[in-house]
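Okay, so here's the structure we're looking at.
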Amino acid sequence: MSSEVTVTLGGESRVVPIGTIVRDVLKDVPSRDLVAARVDGKVVDLTRKLDHDASVEPILAESVEGLDVIRHSTAHLMAMAVQSLYPGTQVTIGPVIEDGFFYDFAPATPFTLEDLPKIEAKMRELSKADHKITRTEVPREEAVQKFSAMGEKYKVEIINEAEDPISIYSQGDWMDLCRGPHVPSTRYLKAFKLTSVAGAYWRGDEHNAMLSRIYGTAFASKEALEEHLKLVELARQRDHRKLGREMGLYIFDPISPGSPFYLPKGVIIFNALIDYMRRMYRRYGFDEVVTPLIFKNEMFNTSGHWENFRENMFLSPDPESETHTVDTSPEGWRSGYGVKPMNCPGHTYVYRAEKRSYRDLPLRFAEFSRLHRAERSGTLHGLMRVRAMSQDDAHIFCREDQIEDEVAMNLEMVRDVYGALGFEGVEFKLATMPDKHLGTEQQWQMAEAKLANAIKRNEIAFEINPKEGAFYGPKIEIYVSDALKRKWQVATIQLDYNMPEGFDLTYTNSSGAEERPVMIHRAILGSLERFIGVLIEHTGGVLPLWLAPEQVRVLSLSEKVEDYAKEVADILKREGFRAHADIRNEKLGFKVREAELAKVPYMIVVGEREAADRSVSLRLLRGEKSNAMPLTALLEKLKQEPVPA
RNA sequence: GCCGAUGUAGCUCAACGGUAGAGCACCUGAUUUGUAAUCAGGUGGUUGCGAGUUCGAUUCUCGCCAUCGGCUCCA
């Protein structure tokens, strides 16, 4: 064995003694920027010894990988601080997440917000102490012994399942089981902030113990941290719950938790989206239907909802029953009614309304009815997770050989709609066979392949979401993010072989035999509630003209032009625009301010000059533009504003 | 549902064991206004609901409801 290794760095090779540590071959990089290194493509500690020929690249603090290392090390620093402040607290896991990190602890009593400043102060102290961070690899038994002796039963559980080698990172008198890598010493960690506390189940399973989680974030510099905190604050300003109230779109009231009350202005957005989807439906060949809201539970038993979804359903006794009670037992479907949480089972009755031929297919039934789901109270979140919602829901009944085309067509719709509404960063996932599933593995593979092909036909990038399909079939999930970067699923396209079976749906094929259609569940906007929430946050409430609740506000300068202001508003209304005249006895600046806050896209100022020659002075939202024009020119301009589909 | 926090006027927030206060909004009056707040006066609260401790509770304790941040679940 040679006593030297060849190191390739920045395209140049050189020979160093075997066992040289990575940091020494990166001597030219300023130490405060250097947090880790990439050796043969793998991120490792700077103290890693080189034992074979390798390519080496520095990882700087500001890089994506560098930031991850810093955050991971900061999570460790926090754990060290916590265990020094609260002896007896067990550690579990502390990963890096988008924009920060968290660490889950098992403390004697859960942490509260008040603990955070104390922990932060301790972290700063430990950071200043400049504890060197060192990695050691130990045999599994030794690791188990060590952590057992410390009473760290969660760590022992992890060690027993971890892959070799088992590595331990130490800083000062504290250590943690960890894969690494980490920064060389705690003094590298100086720009951090603990942000929140939360309960979290061990391994994410609600049957397990509830741990106490602390969230935090860390950056390469204090400036970057400040910048991030500022952005978070700005995002808060765009929260749809805040904007919805300010703009008078919708409210919530404890009298019906999780169910929005749309105010007149909110309904305009709601209906504009539905109108838009109806135009799309005409183009793409969907037929709208309206089915009942309440069904005998018998139907939900057939569809599988009674077994799989009744905990999330609002149930009602049969009003004519003597007991007036709801039987929620597995056999309870034999009596009573349920409020539909989904449209699908109802649509099977529309399908069955006639004898169907292979020539009829595909049949595409769309419905905007309100759906109710008894979501657990802790999950409710503004418009993003509600108990009452409308979806741009549709169920496509088609032949096996039509699946791919149908899915591809719906994906095209997804792209049309999200493109028209200016959404970027839409993510696609293919959710595959879950452990608990109906049908054979072969059927699933075929179904998944059909979905994947349809996605590829649209040249859309997608990820696999393993085992997250519905029990009856795989699905394509489409996600967008809210202002605070939380991802929400909006659109979905799901294959279903189960429900046609359950409701015994058939069509007559070309040779006169009965065959089973396939059902595709799909929604493009998803729930209108969630979509509106996301839309408000994406736009900050500044909606395109066709969606703006109030499109034009005519601001009069004084009483003398009151009549002209009203006349202008009336003309605009007759032309089909949502226009109002603000003839209140207020100064122009005041009216402009209010129109700006209400996010009215067109502000029209009329004074005596305008009234004299029947012109208007236009101001666009955020003071973008301001100029005078004849009234007819304004109408022309308004009519040229884009309307999708 | 679980963990933590919060709940005061329509909204945003103050007070804190001793009979609740501001700004905005709303109403009235004055002002007749040129592109993000004209001035003055006034109305408005069983301090989320229900118990308990106390001479006295908005304040302390408990239960419930709702909301916020997460977990779980999901459009």
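By convention in this document, chain letters (A, B, ...) are assigned in the order of the sequence lines, proteins followed by strands, and residues within each chain are numbered from 1.
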Using a 4.0 Å heavy-atom cut-off across all strands, classify [X] as base, sugar-phosphate, or nothing.
X        : result
A:Thr195 : nothing
A:Phe102 : nothing
A:Leu525 : nothing
A:Arg373 : base
A:Gly248 : nothing
A:Ser196 : sugar-phosphate
A:Glu610 : base
A:Arg213 : sugar-phosphate
A:Thr112 : sugar-phosphate
A:Glu477 : nothing
A:Gln489 : sugar-phosphate
A:Glu529 : nothing
A:Arg241 : sugar-phosphate
A:Lys591 : nothing

Base paired to [N] (Watson-Crick or G-U; both N/O distances under 3.5 angstrom):
N     : value
B:A66 : B:U6
B:G1  : B:C71
B:A51 : B:U61
B:U28 : B:A40
B:G45 : none
B:G56 : none
B:A22 : B:U12

Side chain of [X], base of [N]: donor and acceptor closer than 3.5 Å?
X        : N     : value
A:Glu608 : B:G34 : no
A:Gln494 : B:A75 : no
A:Tyr201 : B:G1  : yes

Between [atom2] of [N] and [atom1] of [X], the distance in whole Å:
X        : N     : atom1 : atom2 : value
A:Glu98  : B:G70 : CD    : C1'   : 16 Å
A:Arg593 : B:U38 : CZ    : C1'   : 14 Å
A:His381 : B:C68 : NE2   : C1'   : 9 Å
A:Phe270 : B:A75 : CZ    : C1'   : 13 Å
A:Gln391 : B:A75 : CD    : C1'   : 5 Å
A:Lys485 : B:G69 : NZ    : C1'   : 18 Å
A:Phe590 : B:C39 : CZ    : C1'   : 13 Å
A:Leu116 : B:C3  : CG    : C1'   : 14 Å

Are [X] and [Y] packed together at the side-chain level, in the sense that at least one heavy-atom pair is separated by less than 4.5 angstrom?
X        : Y        : result
A:Phe423 : A:Val490 : no
A:Asp239 : A:Arg236 : no
A:Leu243 : A:Lys599 : yes
A:Leu421 : A:Leu547 : yes
A:Leu383 : A:Phe252 : yes

- Name every residue in residues 422-431 of chain A that has at least one heavy atom under 4.0 Å from any atom of RNA chain B, in order of residue number, or write none if there are no such residues. none
Can you tell me which nucleotide in [options] comes closest to the side chain of [X]?
X        : options             : result
A:Tyr215 : B:G70, B:G34, B:A36 : B:G70
A:Val386 : B:U12, B:U72, B:A75 : B:A75
A:Lys560 : B:C71, B:U32, B:C3  : B:U32
A:Glu586 : B:U38, B:G1, B:G34  : B:U38
A:Val605 : B:C71, B:U35, B:A75 : B:U35

Does [X] make a side-chain N or O approach to OP1 or OP2 of [N] shorter than 4.0 Å?
X        : N     : value
A:Arg486 : B:G70 : yes
A:Lys475 : B:A75 : yes
A:Ser212 : B:C3  : no
A:Arg236 : B:G69 : no
A:His207 : B:C2  : no
A:Arg619 : B:G34 : no

Separation of the [atom1] atoms in [N] and [M], to the nearest angstrom:
N     : M     : atom1 : answer
B:C2  : B:C16 : P     : 34 Å
B:U54 : B:A40 : P     : 49 Å
B:G21 : B:C71 : P     : 43 Å
B:U6  : B:C55 : P     : 28 Å

- Message: Please check: side-chain N/O of A:Asp392 versus main-chain N/O of A:Ile524, any donor-acceptor pairing under 3.5 Å?
- Response: yes
- A:Lys429 side-chain N/O to A:Ile476 backbone N/O, donor-acceptor pair under 3.5 Å: no
- Task: Walk me through it: do A:Arg376 and A:Glu206 pass the test salt bridge (Lys or Arg N to Asp or Glu O under 4.0 Å)?
- Result: CA-CA 13 Å; A:Arg376 294 158 95 176; A:Glu206 62 179 318; 2.8 Å; yes
- Are A:Glu367 and A:His347 linked by a side-chain donor-acceptor pair shorter than 3.5 Å? yes
- Task: Would you please say whether a donor-acceptor pair under 3.5 Å links the side chains of A:Tyr154 and A:Asp104?
- Result: no
- Query: Listed by chain and number, what are the ring pair (Phe, Tyr, Trp, His ring centres under 6.0 Å) partners of A:Phe365, not counting sequence neighbours?
  - Reply: A:Phe397
- Message: Which residues pass the ring pair (Phe, Tyr, Trp, His ring centres under 6.0 Å) test with A:Phe101, not counting sequence neighbours?
- Response: none
